[in-house]
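Because the structure is predicted, anything quoted here is derived from the model rather than measured.
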Amino acid sequence: MRSLGVIPDGAMLVEDGRIVQVGVRRDIQRLVQATDAVVDAGQRVVMPGFVDAHTHPVFAGNRAAEFERRSEGATYAEIAASGGGIRSTVRETRAAGEDQLLAAARRYVHWFHAGGTTTIEAKSGYGLTLEDECKILRVIRRMEGLRCIATFLGAHEIPDEFRGRPSEYADLVIHEMLPVVSKGGAHEKLAEYCDVFCEPGIFGVEDSRRILSAARSLGFGLRIHADQLSDSGGAALAAELGAATADHLEHTSARGILALQAAGVQPVLLPGSVYALGSLRYPNAREMIQAGLAVVLATDFNPGSSPTPSIPMILSLACTQMQMTPAEAVTAATINAAYSVGRGGEIGSLEAGKRADFVIHDCRDYREIAYFFGAPLVEAVYQEGRVVWRKPQTS
């Protein structure tokens with residue numbers, strides 16, 4: 001994870017949205033034709049577009065009022081118990097139309113681009129009815145300018161109408177939601193992955209196992225919100241089921257880490273949610289890396305516990321709070337993240353044959369991206385060789 005393959009004075013040849021060759025400038029210049037367009041990065045850092053492997057980008061409203069309550073001392077659990085948290089966003093999202101949700105999501109696409117992100121894993125989970133979950137997944141399909149890999153998260157929370165009956169709601173997810181999402185109407189299935197929030201008081205290990213096993217039988221890849229609030233067996237379940245990822249892992253034990261390593265499950269770490277909730281318990285990234293796990297970093301962009309779309313901010317948190325090196329952090333948000341969403345052969349690094357998703361950063365050293373936290377260093381974003389975002393010019 002510390003070997004980035006940096007090419008000083010490097011260049012790329014791109015054709016039809018794909019990278020043809022990468023090397024030092026003098027070698028690539030010999031291949032350039034007089035009619036070719038040339039993008040001069042001005043000796044700035046050019047990197048793969050970030051792959052944000054855990055986001056919740058489709059929702060109505062926001063939870064700024066809850067943010068204020070937390071600043072006054074209320075805990076996330078207390079706010080949720082009083083009817084806030086995920087369920088409050090569910091109520092607003094259910095009331096919103098598809099076009100209204102798409103308009104909000106388009107704003108967030110701009111934010112992702114401004115941070116250098118070209119691909120996201122996008123979860124549903126703020127509908128919690130068949131109709132509303134499908135509505136969210138259709139919006140994800142309609143989001144333009146950003147590559148979106150959809151995940152069905154109908155098991156994100158117990159909706160108000162099923163409070164105290166989690167197993168009944170799990171049955172609804174299994175028997176009514178999953179079969180429809182897997183077919184997707186006139187299109188291919190609406191989501192590629194299925195996720196579940198495995199946590200006592202939400203979906204316990206047994207209900208989580210039932211949901212994910214049913215999803216796997218329908219051809220979904222598996223992801224799991226695991227051990228965020230307690231060491232409750234989420235990592236072990238991810239290993240048992242051969243999930244693609246186990247996400248959060250703030251409370252995962254050494255035993256859980258070894259289970260993930262043995263099963264080849266990638267950990268997706270979300271320091272933004274730890275920071276935003278005012279917690280001090282970050283995932284044990286160092287131990288995971290030493291165990292040989294291909295660690296991933298992601299934003300967990302959502303309206304409640306991590307309202308940031310900025311991978312550069314996440315890189316800074318990884319370096320300052322989880323003792324990851326800048327190179328490890330970059331790897332975790334590019335090539336490792338690409339493999340975690342099943343796209344390692346297409347994106348996540350600048351190699352011949354891959355899609356030309358790249359970002360020009362206004363710096364000379366990649367370490368500055370995490371070092372100058374909060375600074376707008378992204379100069380331009382390219383997806384498949386075409387510019388999709390450029391820093392606004394100031395007078």
Sub-4.5 Å side-chain heavy-atom contact between [X] and [Y]:
| X | Y | result |
| --- | --- | --- |
| Leu212 | Arg216 | no |
| Glu133 | Val181 | no |
| His113 | Val388 | yes |
| Ile120 | Leu146 | yes |
| Pro309 | Tyr108 | no |
| Pro159 | Val90 | no |
| Arg286 | Asn284 | yes |
| Trp389 | Phe112 | no |

Show me, pair by pair, the donor-acceptor contacts under 3.5 angstrom made by side chains of residues 44-56, not counting sequence neighbours?
unit_1, atom_1, unit_2, atom_2, d
Arg44, NE, Asp362, OD1, 3.1
Arg44, NH1, Ala41, O, 3.2
Asp52, OD1, Thr299, N, 3.0
Asp52, OD1, Thr299, OG1, 3.4
Asp52, OD2, Thr299, OG1, 2.6
His54, ND1, Asp247, OD2, 2.7
His54, NE2, His56, NE2, 3.2
His54, NE2, His225, NE2, 3.4
His54, NE2, Asp300, OD1, 3.1
Thr55, OG1, Glu121, O, 2.7
His56, NE2, Asp300, OD1, 3.2

- Task: Not counting sequence neighbours, list each pair that qualifies as a ring-ring contact (aromatic ring centres under 6.0 Å, His included) and has a residue in residues 1-46.
- Result: none
Straight-line distance of [X] [atom1] to [Y] [atom2], nearest 0.5 Å:
| X | Y | atom1 | atom2 | answer |
| --- | --- | --- | --- | --- |
| Thr334 | Leu297 | OG1 | CG | 10.0 Å |
| Asp357 | Arg386 | CG | CZ | 9.5 Å |
| Leu237 | Cys198 | CG | SG | 5.5 Å |

Co-membership, hydrophobic cluster, residues [X] and [Y], 4.5 Å side-chain:
| X | Y | answer |
| --- | --- | --- |
| Leu315 | Leu350 | no |
| Met12 | Val24 | yes |
| Val341 | Val109 | no |
| Val274 | Phe301 | no |
| Leu4 | Ile289 | yes |

Give a yes or no on this: more than 12 heavy atoms of other residues, nucleotides or ligands lie within 6.0 Å of atom [atom1] of [X].
| X | atom1 | answer |
| --- | --- | --- |
| Arg26 | CZ | no |
| Tyr169 | OH | yes |
| Gln290 | CD | yes |

- Task: Determine the interplanar angle of the Tyr126 and Phe59 rings, folded into 0 to 90°, and report it as parallel if under 30°, tilted if 30 to 60°, perpendicular if over 60°.
- Result: perpendicular
- Message: ring-ring contact (aromatic ring centres under 6.0 Å, His included), that's the test. Do Tyr382 and Phe358 meet it? Break it down for me.
- Response: CA-CA 5 Å; Tyr382 290 77; Phe358 61 93; 4.5 Å; yes
State plainly whether the residues [X] and [Y] are in salt-bridge range, i.e. N to O under 4.0 Å.
| X | Y | result |
| --- | --- | --- |
| Arg343 | Glu346 | no |
| Arg255 | Asp231 | no |
| Glu98 | Arg141 | no |

- Task: Mind running ring-ring contact (aromatic ring centres under 6.0 Å, His included) on Tyr193 and Phe152 for me, showing each step along the way?
- Result: CA-CA 6 Å; Tyr193 290 93; Phe152 168 66; over 10 Å; no
Main chain of [Y], side chain of [X]: is a donor-acceptor contact present, judged purely on distance under 3.5 Å?
| X | Y | answer |
| --- | --- | --- |
| Gln21 | Ile28 | no |
| Ser279 | Arg281 | yes |
| Glu199 | Leu229 | yes |
| Thr320 | Ser316 | yes |
| Gln393 | Lys391 | yes |
| Ser217 | Ala214 | yes |
| Asn62 | Pro303 | no |
| His361 | Val378 | no |
| Glu192 | Ile149 | no |
| Arg142 | Leu102 | no |

- Test side chain to side chain contact (heavy atoms under 4.5 Å, CB included) applied to Met1 and Ile335, Thr331, Thr325, the passing residue: Thr331
Side chains of [Y] and [X]: any donor to acceptor distance under 3.5 Å?
| X | Y | result |
| --- | --- | --- |
| Thr35 | Gln33 | no |
| Arg63 | Thr89 | yes |
| Asn302 | Ser305 | yes |

- Name all pairs fulfilling the side-chain hydrogen bond (donor to acceptor under 3.5 Å, both in side chains) condition that reach into residues 367-380, sequence neighbours left out, sorted by first residue then second. Asp365-Arg367
- Task: Check Leu128 against Gly154 and note the closest heavy-atom contact, atom names and distance.
- Result: CD2-O, 3.2 Å
- Can you check side-chain hydrogen bond (donor to acceptor under 3.5 Å, both in side chains) on Thr119 and Gln383, steps first, answer last? CA-CA 9 Å; Thr119 299; Gln383 189 161 322; 5.9 Å; no
- Message: Can you see whether Phe220 has Lys189 sitting over its ring - NZ or CZ less than 6.0 Å from the centre and within 45° of the normal?
- Response: yes
- Note on the structure: Given the options Lys354, Arg147, Arg18, Glu384 meets salt bridge (Lys or Arg N to Asp or Glu O under 4.0 Å) only with Arg147
Under 3.5 Å donor-acceptor pairs involving side-chain atoms of residues 257-268, not counting sequence neighbours:
unit_1, atom_1, unit_2, atom_2, d
Gln266, OE1, Ser340, N, 3.2
Gln266, NE2, Ala294, O, 2.9
Gln266, NE2, Asn336, O, 3.1

- Item | Candidate pair Glu131 and Arg138, rule salt bridge (charged side-chain N to carboxylate O under 4.0 Å, His left out), full reasoning | CA-CA 11 Å; Glu131 178 183 356; Arg138 287 194 300 269; over 6 Å; no
- Got a sec, which residues hit side-chain hydrogen bond (donor to acceptor under 3.5 Å, both in side chains) with Lys135, two or more places apart in sequence or on another chain? Asp132
- Considering residues at least two apart in sequence or located in another chain, which fulfil the side-chain hydrogen bond (donor to acceptor under 3.5 Å, both in side chains) criterion with Arg25? Asp9
